Amino acid sequence: MTPALAVSGGSVAVPGTPPTSAEAGSPSVGRAAYDLGDLAFAPGAPYEGKSEIAAVVHYPDGPGEKGLARGRHPLIVMQHGQWPTCADRAAQNALVKARKALALAEKAGDEAEAARQQAVTDKMSERLWAWPCRAGIPPLPSSAGYDYLAENLARQGFVVVSMGANGINATSGGQADSVYQARAALINKHLDLWRQLDAGKGPLMGKVKDPQTGRASDAPFTGHLDLQRVGTLGHSMGGGGVMQQVSDKRHGDWPAGVKVKAAVGLAPTATWENEPVTKVRWPCCEGRATRSTPVST
């Protein structure tokens, strides 16, 4: 049987596996981040568009057995769902105002004013869903959307990577047939980067930063990751990407030396469902997040 990512009573653990620093009661959690560029990842045809390679990382911190230095730690990667990409306050305020005016114009039967307000609505929406964001406008940090969960998991001994997917969010319109493959490919890209980092090489070397100082993190990730025990989690379209990534026919896309043992799709959206998932355990779905489906490998 494949070990499952069991969710129960607010805790998450991989049963039937060697103890991690979770049992040591890690008292603190370290936080790091990396950003290789807003347009660093191209999923490839038929998907059109590029995305960032960026993530927030939480990990068990502390000296000796309470930190990363004790053995190898399972890796969990998480992907947010569809959401606006840019923290453009002016565009948001203008959008709210235009929508109200549009509703009033439609109620009054003023077609010319309705058309004008619709044009404003469209323009402001484009600004909120742009990628990269306009100069001076910060991106909405989709990679930080699961901080509350990542901290809990890190206290139990996991290294948790929550990736940004703003580029895919901004470019996915009209690409329903390929967006989940693109999201799955983004997951695999991050997994490959961590596979290389665990071996002491690759683009993440020196690029995983302490967010407080901006300097390279001194967390000893190299040689301390268990990439044979990987978990994935995503919500909505992120959940669709997760389920696409673990579908039976996609295992060959996983980086060499990486094995996903559990996947959590929270209300995962289509169109991944025509690819069966029978070789990875997954607690699923709406209203049943604590239930695991046992499968054999």
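Nothing here was measured: the structure is a model prediction, and the numbers come from that model.
- In this structure, CG in Leu227 is found 10.0 Å from CH2 in Trp194, a value given to the nearest 0.5 Å.
- In terms of heavy-atom proximity, Cys133 sits nearest to Pro139 at SG-CA, 3.7 Å.
- Rounded to the nearest 0.5 Å, atoms OG (Ser51) and CD1 (Ile168) are 4.5 Å apart.
- The hydrophobic clustering, which links ILVMFWY residues whose side-chain heavy atoms are closer than 4.5 Å, places Leu266 and Trp83 apart.
- Note that the CG atom of Leu191 and the CD atom of Gln245 stand 6.0 Å from one another [nearest 0.5 Å].
- With hydrogens and angles ignored, the 3.5 Å screen pairs no side-chain donor or acceptor of Gln117 with any backbone N or O of Arg99.
- In this structure, CG in Asp122 is found 9.5 Å from CG in Leu95, a value given to the nearest 0.5 Å.
- The shortest heavy-atom contact between Ala184 and Gly241 is CB-O, 3.7 Å.
- Hydrophobic cluster membership differs between Leu140 and Trp129, with clusters built from Ile, Leu, Val, Met, Phe, Trp and Tyr side chains linked at under 4.5 angstrom.
- With respect to Asp38 and Lys50, no salt bridge is recorded, no charged nitrogen being found less than 4.0 Å from a carboxylate O.
- When all heavy atoms of Gln196 and Gly202 are compared, the closest pair comes out as OE1-CA, 3.4 Å.
- Look at Glu126 and Lys123 and you find no salt bridge, because none of the NZ, NE, NH1 or NH2 atoms lies under 4.0 Å from a carboxylate O.
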Before giving the answer on side chain to side chain donor-acceptor pair (under 3.5 Å), spell out for Gln82 and Ser172 the whole-Å C-alpha distance, their side-chain angles and the decisive distance to 0.1 Å. CA-CA 9 Å; Gln82 186 82 342; Ser172 61; 3.3 Å; yes
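- Residues Lys97 and Asn93 form no side-chain contact, since every pair of their non-hydrogen atoms from C-beta on lies 4.5 Å or further apart.
- Distance check: Gln156 CD to Ile76 CD1 gives 8.5 Å after rounding to the nearest 0.5 Å.
- Under the 3.5 Å distance criterion, the side-chain polar atoms of Gln79 are left unmatched by any main-chain donor or acceptor of Gly164.
- Gln244 and Glu275 are linked by a side-chain donor-acceptor pair at a separation below 3.5 angstrom, with hydrogens and angles left out of the test.
- Counting heavy atoms from C-beta outward, Met163 and Met78 have side chains that stay 4.5 Å or more apart.
- Ring geometry for Tyr148 versus Tyr146: interplanar angle of 30 to 60°, hence tilted.
- Judged by distance alone, with hydrogens and angles left aside, the side-chain atoms of Thr213 form a donor-acceptor pair with the main-chain N or O of Arg215 at under 3.5 Å.
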Evaluate the side-chain contact (heavy atoms from CB on, under 4.5 Å) criterion for residues Phe221 and Val57: first the C-alpha distance (whole Å), next the side-chain angles of each, then the deciding distance (0.1 Å), finally the verdict. CA-CA 11 Å; Phe221 295 112; Val57 185; 4.0 Å; yes
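- Within the 4.5 Å cutoff, the side chain of Asp226 has no heavy atoms near those of the Leu75 side chain.
- Checking Thr171 against Tyr47 by side-chain atom types alone, a donor-acceptor pair falls below 3.5 Å.
- The two residues Ala90 and Arg127 come nearest to each other via the heavy atoms CB-NH2, 4.0 Å.
- Side-chain N/O atoms of Asn169 and Thr85 include no donor and acceptor closer than 3.5 Å.
- Between Arg31 atom CZ and Ser217 atom OG the span is 12.0 Å, to the nearest 0.5 Å.
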Determine, stepwise, if the pair Asp218 / Asp210 fulfils side-chain contact (heavy atoms from CB on, under 4.5 Å). CA-CA 8 Å; Asp218 59 3; Asp210 181 324; over 6 Å; no
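- Listed here is the closest heavy atom pair of Cys86 and Ile137: CB-CG2, 4.0 Å.
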Using the rule given for side-chain contact (heavy atoms from CB on, under 4.5 Å), can you reason through Asp198 versus Thr222, listing the C-alpha separation, both sets of side-chain angles and the distance that settles it, and then say yes or no? CA-CA 4 Å; Asp198 184 58; Thr222 297; 5.7 Å; no
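- Within the 4.5 Å cutoff, side-chain heavy atoms of Glu48 are placed close to those of Gln175.
- No more than 12 heavy-atom neighbours from other residues, nucleotides or ligands sit within 6.0 angstrom of NZ on Lys207.
- Closest approach of His80 and Ser142 over heavy atoms only: CD2-O, 3.7 Å.
- Using a 4.5 Å cut-off on side-chain heavy atoms (C-beta onward), Arg195 and Pro255 make contact.
- A heavy-atom distance below 4.5 Å is not found between the side chains of Tyr59 and Val160.
- Tyr34 places none of its side-chain heavy atoms less than 4.5 Å from the side chain of Val56.
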Intermediate values then yes/no, side chain to side chain donor-acceptor pair (under 3.5 Å), Gln92 and Asp88: CA-CA 6 Å; Gln92 178 64 31; Asp88 190 331; over 6 Å; no
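- Checked against a 6.0 Å centroid threshold, the rings of His73 and Phe158 do not count as neighbours.
- The hydrophobic cluster containing Ile187 also contains Val208, counting ILVMFWY residues as joined when their side-chain heavy atoms lie under 4.5 angstrom apart, directly or transitively.
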His190/Ile53 under side-chain contact (heavy atoms from CB on, under 4.5 Å): CA gap, chis, key distance, verdict: CA-CA 8 Å; His190 282 271; Ile53 295 291; 4.1 Å; yes
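- Both Leu204 and Leu68 sit in one connected hydrophobic cluster of ILVMFWY residues. Membership requires side-chain heavy atoms under 4.5 Å apart, directly or through other members.
- Distance alone, capped at 3.5 Å, is enough to place a donor-acceptor pair between the Arg72 side chain and the Leu225 backbone.
- Under a 3.5 Å cut-off, the side chain of Glu52 and the backbone N or O of Phe41 do not form any donor-acceptor pair.
- Inter-residue side-chain proximity for Pro203 and Leu36 is flagged as met; some heavy-atom pair is nearer than 4.5 Å.
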